[in-house]
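This is the structure, below, for whatever I ask next.
Below, chain A is the first sequence line, B the second, and so on; all start at residue 1. The structure displayed is predicted, hence computed values, not measured ones.
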Amino acid sequence: MSTTLDPVQTQAAANGAAGNGVHPAPAYEPNMVLATRAYDVVGTRPVRHDGADKVTGRALYGADKQMAGLLQGFVLRSPHAHAKIVSIDTSKAEALDGVFAVVTADDLPPAKDKIVDVGEGDTRLAYVHGNVLAKGKTLYKGHAVAAVAATNVHVAEQAAKLIDVKYATLGSSMTAPEAMSSGAALLHDDLKTMEYGQPTDKASNVAQHFQWKIGDSDEGFAKADVVVERTFDTATVHQGYIEPHNATALWNNDGRVHIWTSTQGAFVVRDVTATILEIPVSQIKVTPMEIGGGFGGKIPVYLEPVAALLSKKTGRPVKLVMTRADVLEGTGPTPGSHVSVKIGAVNGGKITAMQGNLAYEAGAYPGSFVAPGGMCIFAAYACENVTVDCYDVVVNKPSSAAYRAPGATQAAFAAEQVIDEIAGKLGIDPIDFRLQNAAKEGSRRVDGPKFRRIGCVEVLEAMQRHPHYGAPLAGPNCGRGVAVGFWFNVGLESSCTLSVNSDGTVNLIEGSTDIGGTRTSIAMQAAEVLGIPAEDINPQVVDTDSVGYTSVTGGSRTTFATGWAAHDAAQKIVDEMKVRAAKLLEADAAGVTHEKGVYSAAGKSVSFREIAAQASRTGGPISASATVKPRGVGGSYAGNIVDVAVDPETGKVDILRFTAVQDVGKAVHPSYVEGQMQGGSAQGIGWALNEEYFMGADGGMQNNTLLDYRMPTALDLPMIDTCIVEVANPGHPYGVRGVGEANIVPPPAAIANAIQNAVGRRLQRLPMNPPAVWQAVANGN
Amino acid sequence: MKKTQVQTIVNGRPVEFLCEPRQSLLEVLRDNLSLTGTKEGCNDGNCGACTVEMDGRIVPSCLVLGVEAEGAQIVTIEGIALGSGLHEVQKAFLEGAALQCGVCTPGFIVATKALLEQNPNPTEHEIRFWLANNLCRCTGYDKIVRSVQAAACRLQEEAPA
């Protein structure tokens, strides 16, 4: 039974309200309306606007793009984990009937030495370039080497096999510890370790090492009565979206390029493709098609520049669609990790010191999200003495990409198990122990910032109060575990335009690709301001020529930031409506009041619909745009209570009951908020129990199908209970924090703690699959 | 490659097409017949996104050759809705928020309709077992299973006594 616990929700909202009373809106964010009142639209559950298209098959995803003269392509990929490209001969492929063009890295303009924004951070252009088409060396099995455009995909595939690539294979480094060891094969000759932000002349696979420190952890550990130190490893896993990457491009005869693609960020595709191809951004239009899942993995640009080059060479539109093996071997997995955690506490339960050492596999190019891992690892705790070291390590695996709270899940798997163990040693209930040390407003995170209003305590209290926590366990070899996790969420930039129709409905134009119902959650925020039903808004996600710049759908930001732009645009509409109402009511505009879509002055009133109908007579069309770059981002805490049954004979772990708790600030559309919590939990369960890149001796992925890369099916999971906590974010008009990511952070740790509770064994490596659990039970470790 | 002429019935209407023997039914539906509602997720029968009904059985259309459709009755996602309205399964999926990105949804809806025709009142376990062929990465299945239960209730209420 899905329990959105009303008391908790109400209580949390009340706490938020009280908190806001005590802590008035801070000076850095003026004009904040705090979410202390009931809403008419926000918090309801309308049917999504794109619903009919999505249940009838009419919604057009990237691979559904069809047009006259369309060619189809195929990308040839490296069979070696690490190899020098000696030569590429494309002549046989080009001679094949039905082939129109072949491209390699030589067709790309040489990469300039510059830094580019790739959606959720910056990187060297040469790395983006090199990942799109390998130049000189291939750095992982699956690395794109060449691409063919032909009459159909079968001919293109056949032609790709005729491309003669001579390789000289090189030794490979597959894991962070291996790549960091002396004598490891180096991926990049020119990669020198950045040490504490300073360049060094040390050639290495360690792209970055940095440290954050508050207080003195040695002193803290000296004071502690209990100190636990353990090391944990997690396997490389994939985001696992069901829709493979795709791109269709038309390089038009006037030099303009049009790209249709499934992406989390149409503007990122535009900007990165323009940079790679060295054409102005204004020459590229990107139309974001419906997107079949992303989870961070559809932020990077892979196919778009290649499709564009093929189109330029052929003069025809070209479509590229990845195979599932391409997706698994060529696109962003999330980093495998090697994390040590040491925590000390005194009898009675106060944590005196925390220390973390995180090494993450970036894959072929630097940028493993180890930094957010390091910022989040102890973010649930207020501790005066904390040291965190982070290592960003390149290995011969696909270049890693963001995956839902990138970096935080690996960190929590380590930290939350050590927390659990200390609580056990001190004989304190694990939630009490966390509550006693929980981060609050004013607590300092290891990387510097002091928390604003956060809901860590409220999430823990909701967990403690949840009926699941006190329920009896099912039987022998069953156990219960808890864990919490944190994600910052981001603001970035968004744009929105509203136009009022004469029938009283409103067209809403925005640029955030909708992965999980955000058209509706954005429309609802405009509807709330306008005092009209959500159904009267018609939200559309449009191309990069048709809306202002909008950053990626990522960082749990879309409902937060694009919704905010919709809110602001709607405020402008209300202001204009007052002017129009004044004319209709023959009153002074300053005297017009607005309440729930009714505009009144001097005892008379006129409705939104009536004003819309009279717009032409009162001054013309009514339309408004707004852009935002919000600073009031509110971090989100999530917690899990999970019951498992361990079969000691096979090592199989069944999830018996799973409760996901999360502070979302304000749930704009509670059904889709629950859906995010359930989906993140399911991904976390897969990460915990099954999912893994099995790497062969040749450095290739051995399980590159969805049969062998086994994600949870309906049969593997129970219902996932949700408990929405709403500690209003004082930085957002409705108190929204964002819900997309924090929910994936605690599951692996909570499940590990449950296994420990069930069979007395602490699993220190993901996945905790049957062989690993069986071995732990059998060997006693 | 030489093409073969195939006569079949798609969504209740006779359809004729030419296809290469190596083309899958999925590819034919999408590229030859423009029925792009059926999705490709893996092309090896492991994700269920391309599920269609063929002669009363659900099959992954990526594992069926186009030429095998000769003389068959095929129902795709485009054939589920009744006229301009929606099927109860489609309505239940919308009202129950059983989709997020929606790319697996056509396969789930085709599979669910077949389940409920065969077993009008399935248990939660029966639903999960039946739908284990269909991968969804967004929802965690909770709202899908509940929406199937809701659709089953409604279809039973509607069924003639």
Heavy-atom proximity to chain B below 4.5 Å, by part of L70(A): neither

Nearest-0.5 Å distance that lies between atom NE2 in H154(A) and atom CD in E20(B): 6.0 Å

Contacting region of Q72(A) [heavy-atom separation from chain B under 4.5 Å]: side chain

Chain B contact via P46(A) - which portion, at a heavy-atom distance below 4.5 Å: neither

Derivation and outcome, side-chain contact (heavy atoms from CB on, under 4.5 Å), residues L706(A) and L135(B): CA-CA 9 Å; L706(A) 293 183; L135(B) 290 176; 3.9 Å; yes

Worked verdict on L94(B) versus K54(A) for side-chain contact (heavy atoms from CB on, under 4.5 Å): CA-CA 9 Å; L94(B) 287 184; K54(A) 292 219 163 122; 5.8 Å; no

Y241(A) side, atom OH; C138(B) side, atom SG - distance, nearest 0.5 Å: 12.5 Å

Inter-residue atom distance I515(A).CD1 - Q100(B).CD, 0.5 Å rounding: 10.0 Å

R154(B), CZ atom: more than 12 neighbouring heavy atoms under 6.0 Å: yes

Which atoms of Q66(A) approach chain B - backbone, side chain, both or neither, heavy atom under 4.5 Å: side chain

F129(B) atom CZ, over 12 foreign heavy atoms within 6.0 Å: no

Max heavy-atom pair count under 4.5 Å with chain B, selected residue of G675(A), G686(A), G293(A): G675(A)

Side chain, backbone, both or neither of R58(A) within contact of chain B (heavy atoms, under 4.5 Å): neither

When V47(A), T518(A), I685(A) are compared by non-hydrogen pairs under 4.5 Å with chain B, the top option: V47(A)

Proximal component of I291(A), with respect to chain B [non-hydrogen, under 4.5 Å]: backbone

Chi angles and distances behind the side-chain contact (heavy atoms from CB on, under 4.5 Å) call for T139(B), Q678(A): CA-CA 6 Å; T139(B) 64; Q678(A) 290 163 336; 6.0 Å; no

Atom pair CG/CZ of L715(A) and R128(B) - distance to nearest 0.5 Å: 8.0 Å

Residue, of G98(A), A682(A), S671(A), S681(A), that accumulates the most heavy atom pairs under 4.5 Å with chain B: S671(A)

Top contributor to chain B interface from A714(A), A63(A), P718(A) [non-hydrogen pairs under 4.5 Å]: A714(A)

Proximity breakdown for N152(A) and chain B, heavy-atom pairs closer than 4.5 Å: side chain

Engaged part of I109(B) at the chain A interface, taking heavy atoms whose separation is under 4.5 Å: side chain

Residue pair L99(B) / R48(A): nearest heavy atoms and the distance that separates them: O-NH1, 2.9 Å

Pair R146(B) + E674(A), salt bridge at N-O below 4.0 Å: no

Close contacts, residues 318-331 of chain A versus chain B, judged by heavy atoms under 4.5 Å: R324(A)

Nearest heavy atoms of V55(A) and F93(B), plus distance in Å: CG1-CB, 4.3 Å

Residues from residues 36-56 of chain B approaching chain A under 4.5 Å (heavy atoms): T36(B), G37(B), K39(B), E40(B), G41(B), C42(B), D44(B), N46(B), C47(B), A49(B)

Contact origin within T76(B) toward chain A - heavy atom pairs under 4.5 Å: neither

Distance in Å, D721(A) CG paired with D142(B) CG, rounded so as to fall on 0.5 Å steps: 7.5 Å

Interface residue of largest heavy-atom contact number with chain A, from L86(B), V145(B), L131(B), D31(B), under 4.5 Å: D31(B)

Separation between OH of Y141(B) and OG1 of T713(A), rounded to the nearest 0.5 Å: 6.0 Å

Contact leader toward chain A among H125(B), H87(B), E124(B), where contacts are heavy-atom pairs under 4.5 Å: E124(B)

Top contributor to chain B interface from A52(A), G294(A), G292(A) [non-hydrogen pairs under 4.5 Å]: G292(A)

